[in-house]
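Reminder, nothing fancy here: chain letters follow the sequence lines and each chain counts from 1.
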Amino acid sequence: MEYNFRDIEDKWQAYWAKNKTFAAKDDPSLPKYYGLTMFPYPSGAGLHVGHPLGYIASCIYARYKKLQGYNVLHPMGYDSFGLPAEQYAIQTGQHPAITTEQNIKRYREQLDKIGFSFDWEREVRTSDPSYYKWTQWIFKQLYNSWYNNKTNKAESIESLVKIFEKEGNATVDAPNDQKDTFTAAAWNELSEKAQQNILMKYRLTYLADSWVNWCPALGTVLANDEIKDGVSERGGHPVEQKLMRQWSMRITAYAERLLNDLETVDWSDAIKEQQRNWIGKSVGAEGHFKLVGGKEIIEVFTTRPDTIFGVSFMVLAPEHELVNKITTAEYKEEVDEYVKQAGLKTERDRQSDVKNITGQFTGAYAIHPFTGEKLPIWIADYVLAGYGTGAVMAVPCGDQRDWDFAKHFNIPIKNIFKDVDISEGAYTEKDAVITDSDFLSDLPVNKAIKTAIFHIEKEGIGKGRTNYRLRDAVFSRQRYWGEPFPVYYKDGTPYLLEDDQLPVTLPEVDKYLPTEDGEPPLARAKKDAWDVEFDGERMEYNTMPGWAGSSWYFLRYMDPHNEKAFVSKEKADYWNQVDLYIGGSEHATGHLLYSRFWTKFLYDMGYISFHEPFIKMINQGMILGNSAFYYSTVKIDFSFFGSGRSHDHNAFERNEFLNSLLPPIFISADLINSNNVHDKILNAISKEIRSFYERFGEQDKVQILDVNTQKLHMDIRNIENDAIDLEKVKIDNRYPEFEKAIIIRNEEGKLICEREVEKMSKSKYNVVTPDTDPDTGKEGLIEQYGADTLRCYEMFLGPLEQAKPWDTQGINGVHNFLRKFWRLFHDAENNFSVSEGEPDKKSLKTLHKTIKKITDDLNRFSFNTAVSNFMICVNELTDQKCNNKGILKELVVLISPYAPHIAEELWSKLGEQKSVTTAKFPEYNEAYLKESEFAYPVSFNGKMRFKIELPTDFSKEEVEKEVLAAEESQKWLEGKAPKKVIVVPGRIVNIVV
RNA sequence: GCGGGUGUGGUGAAAUUGGUAGACACGCUAGACUUAGGAUCUAGUGCCGUGAGGUGUGUGGGUUCGAGUCCCUCCACCCGCACCA
């Protein structure tokens, strides 16, 4: 074999490991580059070809930066707490730590085969006690902090206590859940416990009764970002709202900063927009509506205070705390029933039920603060308890939902927009002029909003306010395989463990299931099963959510073995922000928001000196799998007719009987809609039909009316050119039905599958693994083509950010390129052979052109075009029969980030002693790129134009001179003076004649 | 409904500030060699046309000497959010 990638790759991977080639040194004198890819959850399925995509891009860029002289930090680790290992533990009893360890081992083997430049000295695992010690520690810091809106940062809780002691809480401006104000004197008289209860309402992580998303199937609560379309992201189980005592993170305190600082990071618009959406800032006002004949006050939030005179009713969320208090006796029964019904709905029902307008009048009325009008108070589940105040002032003329509601329940609609027709629907544009609205009349909407707020504040009935859709994040999970909280309870009050008691490690339990009383699995651990001493009745039984460990792992890489701190200040200052973060966009509202939040918090507390974790981010597109489906009959509808009988009253029975005789029938996908498929089936089941005749008599003739089929996944490893390999499938024990099945083949005698592009996943049987398949033992791409080919091919597939189906076919082209590259250095007998002397001009031009292109490609993260440009370069050098040592040496360095193994091999053959990673990335020389000067005419739409290739640095005058010279030399131009000459340096010159 | 994105051959895709559209690769066609292989090499390959030529970057329009690229219109697809007041 001329290019023996197997030996080469083994050799150099061993070399890198032995020499710790990619171990980053903390050397502040060097310019740093911190490249990071999102660390994986080590699942049991191992890596498929989609996983390494981002890692390869990250590796290429890290290697490029290293060649440019940067001190590169390119670490890797595992997000190793998580649900699948726990579910596996529940099924098998095997400790999740063992499963996780095994999975990591397999991941590591696979990763190593691809030749990544990861610094494994710095590996972190979120499930490692030496790591989650610091996750627990950060939790403690959050607990011991509050957010001061005046200084706009988090501060220690002691500073809040001091304010309380001196001034009470009236002057404190902080996000909190403390509704009532108190004086300093009142505070000082409170018991320790009462004080703690109040402080809990200010802490950045706090324990509170809150409405949470409860997923009964998973037996745990979930954060909003773990829910998609009203069902759990993992498993797709229904989710309901439940009031539970849970730990939460006060991420809402950071809403404004999380929003504004998006402008300081270089992320894709899509992700930024998703985060903006998620944060969901809306500016408006809150107002208080008094009750008719009651002292209660209904607080509402609106973005349209200008429509205050258009209010014709009020709506409360069914869960609103006032509902019980204000409902009149007359309506009590109906209201209770409505509240009950609303409570029964799952989140999904509620969402899919949007078009159904429901509601219930409470019998109570509110007073309009300006007109004194009586406004009926309704409850309806289109008002959400969790957003704003859980109550709205309904303005049917300006809000479609209010309009629909008013129409449905025959509530009068008042129009306050001048010259606007609202008979068909609400007018939601903000370009109208207000009318019939006292002091707001004749004002345009934007001015009316300001004026309305002014009056609302003046009258003391409310104030301007900003609301966010973002909710505080539930931080506890009723699970085993997660970080234990550093919290214990004494008399039902939570207390924190001391720093020197950390980490609290996960205790052993007999089962990984909840207890009979519905307590989380950790409740199974006896007090002495914990490795900490505590003065209380029990430890916290909840564990932290999956995103706890991943919210700060990028900091730990900087200083992974530090036992004194989560990261030292010096190292955090040096490595600083992640320069390039590569990962999937599915974390847009989860991980990426939480890690920004924690980074800002740690910045506020002075532990790090940057407040955004990731300067630039690229979201690699998903690699999709090409699933295969075969058609299987579910049921065949036969019709029977015999001699002298036109109608058969026993058809149903006969149909059932004949179907019961049939084995599974699989039909080639290309026949499904063909005319003769029924005949083919009849032919194929002649044996069964004979059995049928034995019972019902030969006089019946059988015809097929209809064939009901279903599509089933076929493992793509049993497929060859869209056809199922029947020999293979018969020995595949997952498809036992093929043993006895009737197969309706197409003209070529094949059973063709239908192909469809889907997400690559083990359950869809469409996975392509990069290395040898552990199930079948069949050679993988790396064994067939080598890691370098795989790396180049994954990049060649298309733009990194785009989702693309995997297609193995094209890999040959890339492999050929590497073989051609190899041949540049070797003679026909495969002996290393390069020429010393001066390179010729053409080859120099090819080289420098390529260096320029590749540098540009890398700088704009266009990894796919770079591979193409390598190919062009190697093709050209092959044509030029160039084997000049000087040229090839530069080319080797240039290619090394993409194909590091072959580059190392050639580099050493060229006589270099050290690894190619110590080389300098080549720079191009403009001088070699100078174009020869020539001009030729091109006919074009009746006009003529010159093409003149000129050096790019020519001035306007120089170009004009060249144009004149070219004109001179062109005979065809004789007698025709150019009408107009457009000159662009370095470009084509058009001359219109 | 709101927001974001994408539309270029049979396929993946190039075209960096507007400047010869389809580079590079897959696939396909024909041929060569051959110890018949899913190897290698040569030629061809946007579409229509034997040809000269015409035509062509989702649709329609505009700006320009010149538009895949800039502006407007519409269409299609993908992604995210969604009773958020």
Side-chain angles (χ1 to χ4, degrees), chain A residues 228-230 268-278 280-282 284 286 300-304 307 315 317 350-351 353-358 380-384 386-395 398-402 404-405 428 467-471 585-586 588-589 621-622 720-721 792-793 796-799 801-817 819 852-853 856-857 859-860 862 864-875 936 938-945 947 952 978-982 984-993:
Chain A
K228 293 261 142 74
D229 300 323
S268 75
D269 290 341
I271 297 276
K272 285 189 183 184
E273 201 53 38
Q274 275 184 56
Q275 293 218 345
R276 284 190 198 109
N277 266 334
W278 194 258
K281 180 178 182 175
S282 49
E286 67 176 25
V300 299
F301 172 74
T302 178
T303 55
R304 297 291 303 271
T307 62
V315 189
R350 202 163 160 158
Q351 279 179 21
D353 227 20
V354 166
K355 286 193 191 92
N356 239 337
I357 297 164
T358 64
D381 65 3
Y382 83 86
V383 176
L384 304 175
Y387 183 76
T389 60
V392 300
M393 55 176 224
V395 184
D399 184 290
Q400 191 58 44
R401 289 155 308 169
D402 295 345
D404 293 338
F405 195 85
T428 52
N467 232 331
Y468 300 91
R469 202 184 71 102
L470 182 72
R471 307 291 156 76
S585 58
E586 66 272 19
T589 50
M622 205 188 307
E720 192 78 36
N721 289 330
C792 291
Y793 185 57
F796 181 74
L797 226 43
E801 309 206 49
Q802 229 166 71
K804 42 202 170 270
W806 179 263
D807 172 22
T808 306
Q809 243 175 353
I811 200 166
N812 246 317
V814 176
H815 188 59
N816 282 340
F817 144 69
R819 291 175 51 208
K852 186 176 198 289
K853 279 186 185 165
D856 284 354
D857 290 336
N859 287 341
R860 63 195 169 100
S862 179
N864 57 326
T865 53
V867 180
S868 295
N869 284 324
F870 283 133
M871 291 183 182
I872 295 168
C873 174
V874 168
N875 285 345
Y936 58 91
V938 184
S939 92
F940 170 76
N941 277 3
K943 298 164 190 167
M944 301 295 273
R945 69 177 169 182
K947 179 177 178 179
T952 45
K979 278 183 192 157
K980 196 173 172 186
V981 181
I982 299 113
V984 187
R987 291 286 173 196
I988 286 164
V989 179
N990 286 303
I991 300 179
V992 184
V993 282

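Residues A:G813 and A:P805 both approach RNA chain B. Their nearest nucleotides, taken by heavy-atom distance, put A:P805 toward the 5′ side. Across the interface with RNA chain B, nearest-nucleotide mapping of A:A803 and A:F301 shows A:A803 to be the residue nearer the 5′ end.
Closest approach to the A:P799 side chain among B:C24, B:C84, B:A14 is made by B:A14 (side chain taken as heavy atoms from C-beta onward). When distances are taken from the side chain of A:N277 to each of B:G80, B:U40, B:C83, the shortest belongs to B:G80. Closest approach to the A:Y387 side chain among B:A25, B:A85, B:A82 is made by B:A85 (side chain taken as heavy atoms from C-beta onward). When distances run from any side-chain atom of A:E273 to the nucleotides B:G3, B:C24, B:A15, the shortest one goes to B:G3. In this structure, the nucleotide among B:A14, B:A85, B:A25 sitting nearest to the side chain of A:S282 is B:A85. Nearest to the side-chain atoms of A:Q274 among the listed nucleotides B:G80, B:C26, B:A14 stands B:G80.
At a threshold of 4.0 angstrom between heavy atoms, the contacts of A:Q802 are confined to the sugar-phosphate backbone, with no base atom among them. When heavy atoms are screened at a 4.0 angstrom cut-off, A:N812 is found touching no nucleic acid atom at all. Nucleic acid contact class of A:L797 (heavy atoms, under 4.0 Å, all strands): sugar-phosphate only. Within the 4.0 angstrom heavy-atom criterion, no nucleotide atom of any strand lies near A:D404. In this structure, A:V300 reaches neither bases nor backbone, as no heavy-atom distance under 4.0 Å exists between it and the strands shown. Within the nucleic acid shown, A:F817 has no heavy atom closer than 4.0 Å to any nucleic acid atom.
An OP1 or OP2 oxygen of B:A82 is reached within less than 4.0 angstrom by a side-chain nitrogen or oxygen of A:R469. A:R819 has no side-chain polar atom (N or O) that falls below the 4.0 Å cut-off from OP1 or OP2 of B:A39. OP1 and OP2 of B:A13 both lie 4.0 Å or more from every side-chain N or O belonging to A:N864. The side chain of A:N356 contributes no N or O atom lying less than 4.0 Å from OP1 or OP2 of B:C83.
Remark: the separation of the C1' atoms in B:C2 and B:U63 is 32 Å, to the nearest Å.
Ring geometry, A:F405 versus A:Y382: the interplanar angle falls from 30° to 60°, so the pair is classed tilted.
Side chain of A:R469 to backbone of A:Y387: no donor-acceptor contact under 3.5 angstrom is found. Side-chain atoms of A:N869 come within 3.5 Å of backbone atoms of A:T865 as a donor-acceptor pair (strictly under, hydrogens ignored).
With both pairing distances under 3.5 Å, B:G38 is matched to nothing as a Watson-Crick or G-U wobble pair. Base pairing analysis places B:C2 opposite B:G80; the two distances defining the Watson-Crick or G-U wobble pair are each below 3.5 Å.
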